[in-house]
Participant: 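The following block contains the structure, expressed as structure tokens.
Keep in mind that the numbers below use all heavy atoms, side chains included, and drop hydrogens, waters and symmetry copies. For ligands, and for the atoms within them, numbers begin at 1 and follow the listed sequence. If you're wondering where the values come from, they're calculated on a predicted model, not measured in any experiment.
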Amino acid sequence: MTKKKLIAGNWKMNGGLAANEALLRALLAGLGQPSADVAVCAPAPYLAQLQGLLAGGPIGWGAQDLSAHEQGAYTGEVSAAMLKDFGCRYAIVGHSERRQYHGETDATVAAKAQRALAAGITPIVCVGETLVEREAEQTEAVVKRQLAAVIHAVAHCTSEIVVAYEPVWAIGTGQTATPEQAQQVHAVLRAQLAAATHQAERVHILYGGSMNAANAASLLAQPDIDGGLIGGASLKAPDFLRIIAAAH
Ligand code: 13P
């Protein structure tokens with residue numbers, strides 16, 4: 001079964017009103033009719049801006065995180081319902097930077113994925129091993145543990161999630177997983193999804209970690225790589241457009 005690839009930008013904690021507008025206008029001007037689905041995930045304060053600039057157009061938008069709680073006394077948190085108010089289609093959950101710097105556990109990530117789905121938002125569930133874990137040959141065990149927690153929580157909705165394989169050692173380092181290394185892990189994740197849902201082929205499994213205009217095509221040519229989650233290169237319109245053009 002062929003499905004459209006998904007190319008999603010993760011702006012991380014970058015941008016500003018003027019810079020976002022310039023970037024989005026350049027993307028809209030250069031996009032043409034992409035064969036891939038395209039989205040950008042912005043810091044929460046800018047979601048209203050994205051809604052204003054992108055509504056009705058070819059670029060979807062999403063958040064980089066959401067609360068595991070529904071509502072109430074959780075100072076600083078942003079709920080799934082709030083994201084939905086601003087037209088978010090996606091929310092990244094369990095990015096390694098949140099696991100590393102904000103202590104997010106597999107259980108927290110699973111709860112967030114559940115909240116997103118309950119609000120009609122597609123969670124982009126990030127999994128990935130550190131360099132130490134890869135060197136200890138723990139890659140498969142780590143990503144399977146991380147994904148298992150989410151599958152357990154979302155159960156019959158497993159086919160509704162997006163998975164992003166992001167080896168921690170490849171994020172922001174310029175050191176990309178080789179297409180073969182990435183494909184190997186993607187195949188493991190696909191098999192794990194297939195054990196949980198008969199619609200595993202429907203699930204987008206994205207690769208993330210120093211994906212750029214030069215290496216995107218060879219990564220995206222792998223049978224189980226259904227798109228990309230792009231950090232640094234998504235902040236530069238020409239680079240992001242070239243990645244999108246490589247996805248067909
Ligand atoms: P880079 O593309 O900057 O390596 O970031 C990848 C990433 O973390 C996307 O979520």
Side-chain angles (χ1 to χ4, degrees), residues 5-15 19-20 23 27 36-44 46-47 50 59-66 83 88-102 104 109 112-113 116 121-131 133-134 139 142-143 146-147 150 161-179 181-182 185-186 189 204-220 222 225-247:
K5 291 195 164 38
L6 170 62
I7 302 296
N10 174 9
W11 291 355
K12 307 195 179 184
M13 200 171 73
N14 294 292
N20 299 346
L23 175 57
L27 291 176
D37 288 328
V38 179
V40 291
C41 296
Y46 299 119
L47 293 173
L50 266 59
I59 303 178
W61 62 96
Q64 298 172 10
D65 184 31
L66 80 166
L83 301 181
C88 278
R89 169 141 182 226
Y90 301 99
I92 297 171
V93 300
H95 192 281
S96 65
E97 288 149 16
R98 297 214 55 88
R99 293 180 192 260
Q100 272 187 297
Y101 310 141
H102 301 274
E104 290 196 7
V109 175
K112 290 183 172 191
I121 292 170
T122 300
I124 301 178
V125 176
C126 299
V127 300
E129 81 288 2
T130 64
L131 186 58
E133 289 163 342
R134 174 161 281 266
T139 298
V142 168
V143 299
Q146 292 171 333
L147 183 57
V150 173
I161 69 173
V162 169
V163 178
Y165 169 54
E166 298 208 315
V168 177
W169 48 272
I171 294 176
T173 59
Q175 193 191 342
T176 319
T178 65
Q181 280 174 324
V185 178
H186 282 231
L189 296 170
H204 283 84
I205 308 179
L206 314 182
Y207 169 79
S210 298
M211 192 188 264
N212 59 37
N215 62 29
S218 58
L219 286 158
L220 294 168
Q222 297 299 312
I225 300 187
D226 306 313
L229 184 57
I230 293 110
S234 74
L235 297 169
K236 298 176 207 132
D239 293 44
F240 196 50
L241 287 168
R242 280 173 62 199
I243 296 171
I244 294 164

Participant: With atoms numbered from 1 as shown, which atoms in ligand 1 lie under 4.0 angstrom from a non-hydrogen atom of E166?
Facilitator: 6 (C), 7 (C), 8 (O), 9 (C), 10 (O)
Participant: Can A170 be said to touch ligand 1, with heavy atoms closer than 4.0 Å?
Facilitator: yes
Participant: Taking Q146 for the side chain and C126 for the main chain, is one N or O donor matched with an acceptor at less than 3.5 Å?
Facilitator: no
Participant: Looking at E104, is its backbone amide N or carbonyl O close enough to the side chain of H102 to form a donor-acceptor pair, meaning the two atoms are under 3.5 Å apart?
Facilitator: no
Participant: Number the atoms of ligand 1 from 1 as they appear, then name those within less than 4.0 Å of a heavy atom of G232, with their elements.
Facilitator: 1 (P), 2 (O), 3 (O)
Participant: State whether the shortest distance between N or O atoms of T173 and N or O atoms of ligand 1 falls below 3.5 angstrom.
Facilitator: no
Participant: Would you say ligand 1 has an N or O under 3.5 Å from any N or O of S210?
Facilitator: yes
Participant: Note the single closest protein heavy atom to atom 5 (O) of ligand 1, along with its residue, its atom name and the distance in Å.
Facilitator: K12 NZ, 3.2 Å
Participant: I'd like to check which ligand 1 atoms, numbered from 1 as shown, lie under 4.0 Å from a non-hydrogen atom of G209.
Facilitator: 4 (O), 6 (C)
Participant: Which atoms of ligand 1 sit under 4.0 Å from any heavy atom of G231?
Facilitator: 1 (P), 2 (O), 3 (O), 5 (O), 6 (C), 9 (C)
Participant: Report the distance from atom CD1 of I92 to atom NZ of K12, rounding to the nearest 0.5 Å.
Facilitator: 8.5 Å
Participant: Distance-only, no hydrogens or angles: does the N10 side chain make a donor-acceptor pair with backbone N or O of G231 under 3.5 Å?
Facilitator: no
Participant: Show me which atoms of ligand 1 lie under 4.0 Å from any heavy atom of H95.
Facilitator: 7 (C), 8 (O), 9 (C), 10 (O)
Participant: Rounded to the nearest 0.5 Å, how far does NE2 of H95 lie from CD of E166?
Facilitator: 4.0 Å
Participant: Step by step, work out the side-chain contact (heavy atoms from CB on, under 4.5 Å) result for I205 and Q222.
Facilitator: CA-CA 11 Å; I205 308 179; Q222 297 299 312; over 6 Å; no
Participant: Applying a 4.0 Å heavy-atom criterion (strictly less than), which segment of N10 is in contact with ligand 1: side chain, backbone, both, or neither?
Facilitator: side chain
Participant: Mark yes or no for whether S210, through its side chain, and A170, through its backbone, hold a donor-acceptor pair below 3.5 Å.
Facilitator: yes
